[in-house]
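Worksheet for the structure shown next.
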Amino acid sequence: QVQLVESGGGLVQPGGSLRLSCAFSGRTFSIYTMGWFRQAPGKERELVSGINWSGDSTYYADSVKGRFTISRDHAKRTVYLQMNSLKPEDTAVYYCAAEKSGPIVVDAREYDFWGQGTQVTVSS
């Protein structure tokens, strides 16, 4: 079984930055593709960013391109999401997820394991 624990959320002003972390435990980290999803009230969960097992392929939703950066550290078994130039519309619960199929997939149903989520609120 895989356990995912997110951290790093909080309240930030528009234009500010946050770095989310997702600590992975339980199985072989290096074989999992990892994703960061978010869900705002009344909206569906959406893939914000993903990174494949090796780190040489990444995905970003159009709404965050140029502002967010995903990375993974195999030694620390951790995935990061650096979020810059945050906007009020980035406010959501952010979830880390893992899937073993290989390619980065957008559909949340394809992910096998999920963290508990961390709240990000962008407000002045």
Side-chain angles (χ1 to χ4, degrees):
Q1 193 75 353
V2 169
Q3 291 81 43
L4 302 173
V5 179
E6 302 99 334
S7 60
L11 173 64
V12 63
Q13 292 187 343
S17 298
L18 284 174
R19 188 177 81 155
L20 304 183
S21 300
C22 173
F24 179 108
S25 63
R27 287 189 182 172
T28 306
F29 175 63
S30 61
I31 65 173
Y32 283 86
T33 288
M34 303 297 295
W36 282 100
F37 286 77
R38 68 185 180 189
Q39 188 166 22
K43 294 189 176 181
E44 292 197 357
R45 193 170 294 191
E46 63 169 344
L47 180 66
V48 173
S49 184
I51 187 167
N52 73 337
W53 67 272
S54 64
D56 63 2
S57 178
T58 56
Y59 165 89
Y60 296 97
D62 288 343
S63 58
V64 307
K65 279 180 183 175
R67 300 188 297 121
F68 290 11
T69 304
I70 192 170
S71 60
R72 65 191 297 164
D73 184 327
H74 287 270
K76 295 183 178 179
R77 293 158 62 90
T78 300
V79 177
Y80 303 98
L81 185 67
Q82 178 67 44
M83 305 186 296
N84 299 328
S85 302
L86 282 161
K87 304 175 181 179
E89 51 263 43
D90 295 318
T91 296
V93 178
Y94 283 70
Y95 298 91
C96 176
E99 61 98 8
K100 214 167 99 174
S101 70
I104 300 167
V105 292
V106 175
D107 190 343
R109 295 170 296 180
E110 297 295 323
Y111 286 75
D112 304 299
F113 303 101
W114 292 84
Q116 81 288 351
T118 186
Q119 177 71 46
V120 171
T121 302
V122 184
S123 174
S124 55

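Starting from 1, each residue takes its place in the sequence as its number. The figures that follow rest on heavy atoms only: side chains count, while hydrogens, waters and symmetry mates do not.
The neighbour count for E44 CD, taken as heavy atoms of other residues, nucleotides or ligands under 6.0 Å away, does not exceed 12.
When all heavy atoms of M34 and A98 are compared, the pair lying nearest together is SD-CB, 3.6 Å.
In this structure, E6 contributes its side chain and Q116 its backbone to a donor-acceptor pair below 3.5 Å. Side-chain atoms of D90 never come within 3.5 Å of backbone atoms of V120 as a donor-acceptor pair (strictly under, hydrogens ignored).
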Kindly list each side-chain donor-acceptor pair under 3.5 angstrom involving residues 54-63, sequence neighbours excluded, with atom names and distances?
residue, atom, partner, partner atom, Å
S54, OG, N52, ND2, 3.3
S54, OG, D56, N, 3.4
S54, OG, D56, OD1, 2.7
S54, OG, D56, OD2, 3.3
D56, OD1, N52, ND2, 2.8
Y60, OH, I70, N, 2.8
D62, OD1, K65, NZ, 3.1
S63, OG, R38, NH2, 3.4

Show me the donor-acceptor pairs, under 3.5 Å and distance only, between side chains in residues 13-33 and residues at least two apart or in other chains.
residue, atom, partner, partner atom, Å
S17, OG, N84, OD1, 2.9
S25, OG, Q3, OE1, 3.3
T33, OG1, G102, O, 2.5

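Both Y94 and V2 are members of a single hydrophobic cluster when ILVMFWY side chains are connected at heavy-atom separations under 4.5 Å. Residues V48 and V79 share a single hydrophobic cluster, defined by chaining ILVMFWY side chains whose heavy atoms lie under 4.5 Å apart. Criterion: ILVMFWY side-chain heavy atoms under 4.5 Å apart, direct or through other members. Under it, I51 and F113 are part of a common hydrophobic cluster. Clustering ILVMFWY residues whenever any of their side-chain heavy atoms sit less than 4.5 angstrom apart, transitively, puts L81 in the very cluster that holds V12. F37 and L4 sit in two unconnected hydrophobic clusters of ILVMFWY residues. Membership requires side-chain heavy atoms under 4.5 Å apart, directly or through other members.
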For this session: Applying side-chain contact (heavy atoms from CB on, under 4.5 Å), run through F68 and L86 and close with a yes or a no.
Result: CA-CA 9 Å; F68 290 11; L86 282 161; 3.8 Å; yes
For this session: Show your working on side-chain contact (heavy atoms from CB on, under 4.5 Å) between C96 and W36 and close with a plain yes or no.
Result: CA-CA 5 Å; C96 176; W36 282 100; 4.0 Å; yes
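With sequence neighbours excluded, the residues that form a side chain to side chain contact (heavy atoms under 4.5 Å, CB included) with T121 are L11, T91, Q119, S123. Residues that satisfy the side-chain hydrogen bond (donor to acceptor under 3.5 Å, both in side chains) test with Y111, not counting sequence neighbours, are absent from this structure. Shown here are the salt bridge (charged side-chain N to carboxylate O under 4.0 Å, His left out) partners of D107, two or more places apart in sequence or in another chain: R109. With sequence neighbours excluded, no residue satisfies salt bridge (charged side-chain N to carboxylate O under 4.0 Å, His left out) with K43.
The distance from the CD atom of E99 to the CH2 atom of W114 is 10.5 Å, given to the nearest 0.5 Å. Note that CZ of R72 and CH2 of W53 are 9.0 Å apart. Values are rounded to the nearest 0.5 Å.
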